**Q** 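Got a structure for you, questions after.
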Amino acid sequence: MSSLKFGTSGLRGLVTDLVGGPSYAYAAAFFASVGGEAGAAREVVIGRDLRSSSAEIAATVATAAAAAGLAAIDCGPLPTPALALEARRRGCCAVMVTGSHIPEDRNGLKFYRPDGEITKADEAAILAALGAVAAGAPLPPAVPAEPEPDAIARYRRRYLDAFKADTLSGRTIAVYQQSSVARDLLVDLLEALGADVSPIGRSQTFVPIDTEAHRPEDVAFIRDVMASGQFDALVTTDGDADRPLIADGTGRIVRGDVLGLITARYLGADTVVVPVTAGSAIERAGGFRQVLRTKVGSPFVIAGMEQAQRDGATIVCGFEANGGFLLGSDSPVGDKILPALPTRDAVLPILATLAAARQAAMPLADLVVTLDVGETASNRLPNVAAERSGALLGQLKDEAFRRDFLRPVGEPRAVDEQDGVRIELDGERTIHFRPSGNAPELRCYAEAKSAEEAEDLVRWGLAAAAAAMERNAG
């Protein structure tokens, strides 16, 4: 059985299940079901992250494009939002080869229509078209793509045209380069906006940076770097640079939804769209006219932004708990206008958050304190099959089981079953269980007044979930 499946953002699975025929088949199905729409340019832009398998898969996608009658344009290694921007400029489709934050033995494909990310309906159409692609048939001869070296430069110019050259003057920033496809771009942009930048931690092998469930070794590395007191902040991204990570001057990683909150306020948004995993401080501390909540995944956030615009919202944005920021409408940055880019982006929240702290003339840590966002924590149980996590979530939807299950930690109040099971507890706390959309794992999120209490709740939640699933298996 293949590990390949669509998750919260694109197709993911083991490299061994994706290289060769499968990547050709999925790309061909995409071009057949979505890529040939009337009015779309007869070309496709292709990008990739820095995984060792990505270049080979990108070449296979280019061959599938040629077989579909499309001109393949190779944009090389670049951030996913930069590829999406190039697709919008050309009015064509795009395919990004990336596994985002998951380990290097896995990879994936992200598909874009000329107007942005594919929808869940598009995913269904791709799967339906997959059956028409001959399984196991020899691949046609490779067709090289036409190189396009300037796509990343246009993405860079997008931000330099909007932010003033002295936006980050006087700030000292460490850029944790690791294997992020934006590692050189970040250094360049921050320096161009006036910051004193130190690139650190460049890696020749892939580093699976997860901006939401942080690995202990990443937390320790960041704390050690920031303990020197040399830097106002540290920044980095996940593998394809659609999710940011920022640590303040004390070495503490700022939550992704807090980065989104700061960025939305900096842009003067009147409506924000967030998934159920984002903290409740967005309603409490944001000052927005409207906050809409959705299932987890950028397609749902995008659908929410589109609905908000139809309902008359003016400046609309969305963001996720992982920090990925989606700009749904043209938005002001000082006296300039930043054009809409409704796909997850890491660069905008990095620049806007650092700019907001400088504008407020305070350290980033102090800016976060002024928002009174409370504390959250999250972690995961790896290697949990969907059937096991699904059985537990089904039990948690039962009131009697839920009350008994949570008895050691508190009294359940309101329940949200929009994506997994999110439970409000007494004492202004929440605990949320949901299966990952990208990997076979069960995630647990908690919110509380203190970091220690939130972390304790997550530790308890994962242990209790593991025990319950073991009992179910027995």
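The residues of the chain are indexed from 1 along the displayed sequence. None of these values were measured; they are calculated from a predicted model.
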**Q** Tell me the closest heavy-atom pair linking I315 and S329, and the distance in Å.
**A** CA-OG, 3.3 Å
**Q** I'd like to know if the side chain of Q309 and the backbone of G328 have a donor-acceptor N/O pair within less than 3.5 Å.
**A** yes
**Q** Hey, what do you get for CG (L234) to CZ (R252), rounding to the nearest 0.5 Å?
**A** 15.5 Å
**Q** Do R113 and D122 meet the salt-bridge criterion of a basic N to acidic O distance under 4.0 Å?
**A** yes
**Q** Answer yes when K110 and D240 have at least one side-chain N-carboxylate O distance shorter than 4.0 Å, and no when they do not.
**A** yes
**Q** Are R154 and E148 close enough for a salt bridge, meaning some N to O gap below 4.0 Å?
**A** yes
**Q** Roughly how far, to the nearest 0.5 Å, is the CG atom of L193 from the CG atom of L160?
**A** 5.5 Å
**Q** Considering only NZ, NE, NH1 and NH2 on the basic side and carboxylate oxygens on the acidic side, decide whether R88 and D115 come within less than 4.0 Å.
**A** no
**Q** Under 6.0 Å between ring centres: does that hold for Y176 and F221?
**A** yes
**Q** Using ring-ring contact (aromatic ring centres under 6.0 Å, His included) as the criterion, list what pairs up with F206, not counting sequence neighbours.
**A** none
**Q** Closer than 4.0 angstrom, basic N to acidic O: yes or no for E375 and R429?
**A** no
**Q** K5 vs E123, test: salt bridge (Lys or Arg N to Asp or Glu O under 4.0 Å). Steps then yes/no.
**A** CA-CA 10 Å; K5 67 173 185 175; E123 289 179 9; over 6 Å; no
**Q** Donor-acceptor pair, distance only, cut-off 3.5 Å: does the side chain of S228 make one with the backbone of D224?
**A** no
**Q** Tell me whether E441 is salt-bridged to R443, with the criterion being a basic N under 4.0 Å from an acidic carboxylate O.
**A** yes
**Q** Apply side-chain hydrogen bond (donor to acceptor under 3.5 Å, both in side chains) to N107 and S54, showing your working.
**A** CA-CA 8 Å; N107 211 330; S54 292; 3.1 Å; yes
**Q** Do you know the tightest heavy-atom contact between A65 and V44?
**A** CB-CG1, 3.5 Å
**Q** As a quick check of understanding, evaluate salt bridge (Lys or Arg N to Asp or Glu O under 4.0 Å) for D49 and R51, giving each step before the final call.
**A** CA-CA 6 Å; D49 66 15; R51 293 165 192 268; 2.9 Å; yes
**Q** For the pair D345 and R243, find out whether any cationic side-chain nitrogen is under 4.0 Å from an anionic carboxylate oxygen.
**A** no
**Q** How far apart are the closest heavy atoms of L85 and R158, and which atoms are they?
**A** CD2-CD, 4.0 Å
**Q** Per the side chain to side chain contact (heavy atoms under 4.5 Å, CB included) rule, which among D419, T376, V296, D257 passes with T277?
**A** V296
**Q** Minimum heavy-atom separation for L341 to P81, with atom names?
**A** CD2-O, 3.9 Å
**Q** Salt bridge between E453 and K449, side-chain N to carboxylate O under 4.0 Å?
**A** no
**Q** Show the nearest heavy-atom pair for residues A321 and E212, with the distance to one decimal.
**A** CB-OE2, 3.3 Å
**Q** Which pair of non-hydrogen atoms, one from L78 and one from V181, has the smallest distance, and what is that distance?
**A** N-CG2, 3.3 Å
**Q** How long is the straight-line distance from CG of D188 back to CZ of R183, given to the nearest 0.5 Å?
**A** 14.5 Å
**Q** Begin from the C-alpha positions of R422 and D416 and carry the test salt bridge (Lys or Arg N to Asp or Glu O under 4.0 Å) through to its verdict.
**A** CA-CA 5 Å; R422 184 177 187 270; D416 186 332; 5.6 Å; no
**Q** Between CG of L189 and CZ of R157, what distance do you get to the nearest 0.5 Å?
**A** 9.5 Å
**Q** Using a 3.5 Å distance criterion without hydrogens, assess whether the side chain of Q178 forms a donor-acceptor pair with backbone atoms of S180.
**A** yes
**Q** Would you call R358 and D232 a salt bridge, using N to O less than 4.0 angstrom?
**A** no
